[in-house]
Every structure is written in structure tokens, then in C-alpha cells.
Q: 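This is the structure I want to talk about, given as C-alpha cells.
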Amino acid sequence: MLNLYTEGSIPKQLINVEVPWYSYFFDNSVASDFKEESFRDIINAVEKTDIDYDEQSIISKFVKNDNKKYPVSISDLSEGCKTLLCINNAIINNEVGKYIFNITSCGGNAVAYLATVMAEHNDINAYCEHTSFGKSDKKAFIKIENVELSKLMDAKAEYKKLLERSQL
Amino acid sequence: MKEIKLDTKLIDVDIKLRGHVTIVIGDTATGKSFIANILSRNVENCLAIGYSDVENKTKKDLILKSIVDVKGKLIIIDQADDVFRCAPELIKFINNDLDNTFIVIGRNTPIQYQISWLSKLNIENGVARLEYLEKNPRM
């Protein structure tokens, strides 16, 4: 279940992870998880690009045709994808419950993956400052103020109300 | 209207900036930060500001000092939601500064903007373009 909070309503026992991927990626502590299937799944789903398994590198999807095999480093991935990789790293290490993750860098597609796939079997705490939750036909696993919601569009409306209340 | 055309080894850029602020929104992994990096490396008189530039007071003060008197620059604010949270002074600066051109990349930007400034990035066949949400704005 993805438990969503606004910045003003974070439970005190949780460690607030500002922008998690900075500390993770600058000391490369996630790079060793390249072998993890979930790691590749996240990159393939959110970035919609390939991992070159032989080279263990990620292929850029934006470059010109003559550079089609241009490899990029983990730090070149999108901020939303890196945020999900950090959450995934916490799941792998059985530490996800300790933290509340700032998912403000996640766009609608990344939030959708988080709420429909990653939160299916894990309790993940997060907050963000936008309601770009996107659309998804898949069942979403999302909870806002103890209310379970099954659609991202419903969650978007509920979270908007929560954000407005927190800004009063 | 300001036009930026680049032909780099990795990608071509062909973007038109309508006003003194252009806001770029969009899903994760649509190339927003990638283009911010390309522009900052290849456009003369360009300054890119991201979360790591304002994450603590020392860095933030340096950035604020560096932009206070500049003119004619292209200033890119990437990760704008996090940048504005750490450096809310930038919001007022952007709202009042007409001497520079800004590209603001974020989802919930608190600056005062017009709908005609909102755009999405489209990268196809190695060419990056901005698609404005309002196709034909009243000028």
C-alpha cells in the first residue's frame, strides 16, 4: 500500500528522505543492485529504454540515430526513476517502513508504477507536492488519511483536498 | 519570441521561447533534465540551477548572489518544485525579472504564469522541440 502524506502531516517516527537518490547515487550504493530483476523492471517501465545486459549499461533513448547505442550512467536516469530505484533499494534491504520518501520528482507515470506495482506487496510511505498522478487502468494500492483508494484519479482528487487543507 | 537551435553530437534542439518564462511540464523520463543539461553546456550565457545548487544555505546564497545583477542570460531551473522549496527567494526574483529568460522545469510551480507559457517537451528522431499547451495564444 502506498501511504501518501503531505509535507505537513508526516508521522514523527518516519525518517524524512528529502530527495533520496542524491545520497544513494553519489556514493553508488545502489549500483551493486544492477543484477536485481526489480531494478531492470523499473528502468524498463519508467524510462522505456533498455539495459544492455552484457555491458551492464543503460541505453539512452533520446540521442540521434547514429548514437543509438549510446550508454548512460545511472546518474543520467530521470529523477523519478532514480527515486523509485532508491525506494526499491529500501524494499530489498527490508528498510522501506522506516522512511517517508519525497516523490515530488516522480511524474504521473512513475507515481502510477509506484502505486500499481511496487506498492502491491509493500507498505511505502511517501509525500509529494503535486497531484500529477496520471491515469492507469491497473488497480492502484494507495491510502490517503486511512482511506483506501483503488484508482489513481480518485487518489489525485483526495490528495488535492489534503494539499489544500495543509496549506490553510 | 526567442529561438534556440542547436546541432550537438547527441541531439538537435529546435525550441521557441514565447515569453520571459517558459514552463516545461511532463511525465518522468521525457528528457526534461537531459535537455536542461544539453542547453547549459551548449548555449552561451546560460545558467542551470538544480536542487544540488540550493540544497544548503551556503550554496543557495552563492546562487542568489550570482544572479542578482545578471542581464540577458538564459536561466534554467530544473527540479523546480524542490528548488523553490529550498530557495523561495527565486520565485519573487523570476516574477519580477524581465532582464533574463527563464526555463522552469517542474510540476507544481508557484511562480505567476500564463497558460500560454506551459509546454511539454517532445523528442523525436533526435530532435527536441517544445509543444505549447495553448497552440495559438493571444499576443
Side-chain angles (χ1 to χ4, degrees), chain A residues 6-7 18-23 25-26 42-49 58 60-68 70-72 75-85 102-114 127-136 156 159-160 163 167, chain B residues 6-14 23-39 41-42 48 50-56 59 77-88 91 104-111 118 120-129 133:
Chain A
T6 62
E7 197 174 1
E18 269 283 299
V19 179
W21 54 268
Y22 273 96
S23 56
F25 286 98
F26 285 175
I42 290 170
I43 292 174
N44 290 337
V46 178
E47 295 279 339
K48 298 199 186 312
T49 190
I58 303 147
S60 174
K61 63 186 175 181
F62 293 125
V63 295
K64 291 176 184 175
N65 285 339
D66 48 351
N67 279 319
K68 213 55 183 171
Y70 186 80
V72 296
S75 59
D76 291 322
L77 293 175
S78 65
E79 292 142 37
C81 185
K82 284 183 286 198
T83 301
L84 296 194
L85 290 175
N102 178 357
I103 59 167
T104 302
S105 295
C106 296
N109 53 337
V111 175
Y113 188 83
L114 183 63
Y127 74 91
C128 61
E129 293 160 19
H130 63 76
T131 53
S132 305
F133 289 0
K135 295 176 183 176
S136 175
K156 181 176 182 167
Y159 196 67
K160 196 174 177 183
L163 272 179
Q167 285 160 3
Chain B
L6 295 173
D7 181 351
T8 74
K9 187 183 162 199
L10 294 180
I11 194 163
D12 294 345
V13 177
D14 182 4
I23 298 169
V24 185
I25 57 174
D27 275 345
T28 295
T30 49
K32 302 186 294 297
S33 297
F34 174 67
I35 289 302
N37 284 332
I38 293 282
L39 292 176
R41 275 191 245 126
N42 293 282
Y51 174 78
S52 59
D53 299 309
V54 295
E55 64 182 336
N56 64 45
K59 287 180 173 182
I77 316 282
D78 192 15
Q79 305 159 269
D81 304 74
D82 287 318
V83 168
F84 289 143
R85 183 162 45 82
C86 294
I91 301 166
V104 177
I105 300 171
R107 298 195 172 79
N108 189 30
T109 174
I111 62 168
L118 285 174
K120 282 190 173 181
L121 188 64
N122 179 26
I123 302 179
E124 263 181 45
N125 302 320
V127 185
R129 295 185 176 87
L133 272 56

Q: Indicate yes or no: at least one non-hydrogen side-chain atom of Asp82(B) is less than 4.5 angstrom from one of Glu79(A).
A: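 With C-beta onward as the side chain, the pair stays apart.
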Q: How long is the span from the OG1 atom in Thr28(B) to the NZ atom in Lys48(A), to the nearest 0.5 Å?
A: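 One finds 11.0 Å between OG1 of Thr28(B) and NZ of Lys48(A).
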Q: If you define the side chain from C-beta out and look only at heavy atoms, does anything of Lys64(A) sit under 4.5 Å from Asp12(B)?
A: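 When only atoms from C-beta onward are counted, Asp12(B) and Lys64(A) do touch, with a gap below 4.5 Å.
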Q: Against chain A, label Asn125(B) side chain, backbone, both or neither, depending on which of its atoms sit under 4.5 Å from a heavy atom there.
A: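 Interface part for Asn125(B): neither.
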Q: Where the side chain of Arg107(B) meets the backbone of Thr131(A), is there a donor-acceptor pair that is under 3.5 Å apart?
A: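 No, because the side chain of Arg107(B) does not come within donor-acceptor range (under 3.5 Å) of the backbone of Thr131(A).
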Q: Can you tell me which portion of Asn37(B) sits under 4.5 Å from chain A's heavy atoms? Options are side chain, backbone, both or neither.
A: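 Neither part; nothing is under 4.5 Å.
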Q: Measure the CG-OG1 distance between Asn108(B) and Thr104(A) for me, rounded to the nearest 0.5 Å.
A: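 Here the interatomic distance stands at 8.5 Å.
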Q: Taking side-chain hydrogen bond (donor to acceptor under 3.5 Å, both in side chains) as the definition, give me every residue that meets it alongside Lys120(B), ordered by chain and number, with sequence neighbours left out.
A: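 Residues passing side-chain hydrogen bond (donor to acceptor under 3.5 Å, both in side chains) with Lys120(B): none at all.
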Q: Apply side-chain contact (heavy atoms from CB on, under 4.5 Å) to residues Arg85(B) and Asn102(A) and explain how you reach the verdict.
A: CA-CA 12 Å; Arg85(B) 183 162 45 82; Asn102(A) 178 357; 3.1 Å; yes
Q: Considering residues, nucleotides and ligands other than Lys59(B), do more than 12 of their heavy atoms fall under 6.0 Å from its NZ?
A: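 Atom NZ in Lys59(B) is packed in, count exceeds 12.
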Q: Quick check for you: to the nearest 0.5 Å, what is the distance between Phe62(A) atom CZ and Ile38(B) atom CD1?
A: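 Between Phe62(A) CZ and Ile38(B) CD1, I get 11.0 Å after rounding to 0.5 Å.
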Q: Can you say whether Ser132(A) sits under 4.5 Å from chain B via the side chain, the backbone, both, or neither, judging by heavy atoms?
A: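 Answer is side chain: those atoms of Ser132(A) sit under 4.5 Å from chain B.
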Q: So how far is it from Ser105(A) OG to Tyr51(B) OH, rounded to the nearest 0.5 Å?
A: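 Interatomic distance, Ser105(A) OG to Tyr51(B) OH, rounded to 0.5 Å: 9.5 Å.
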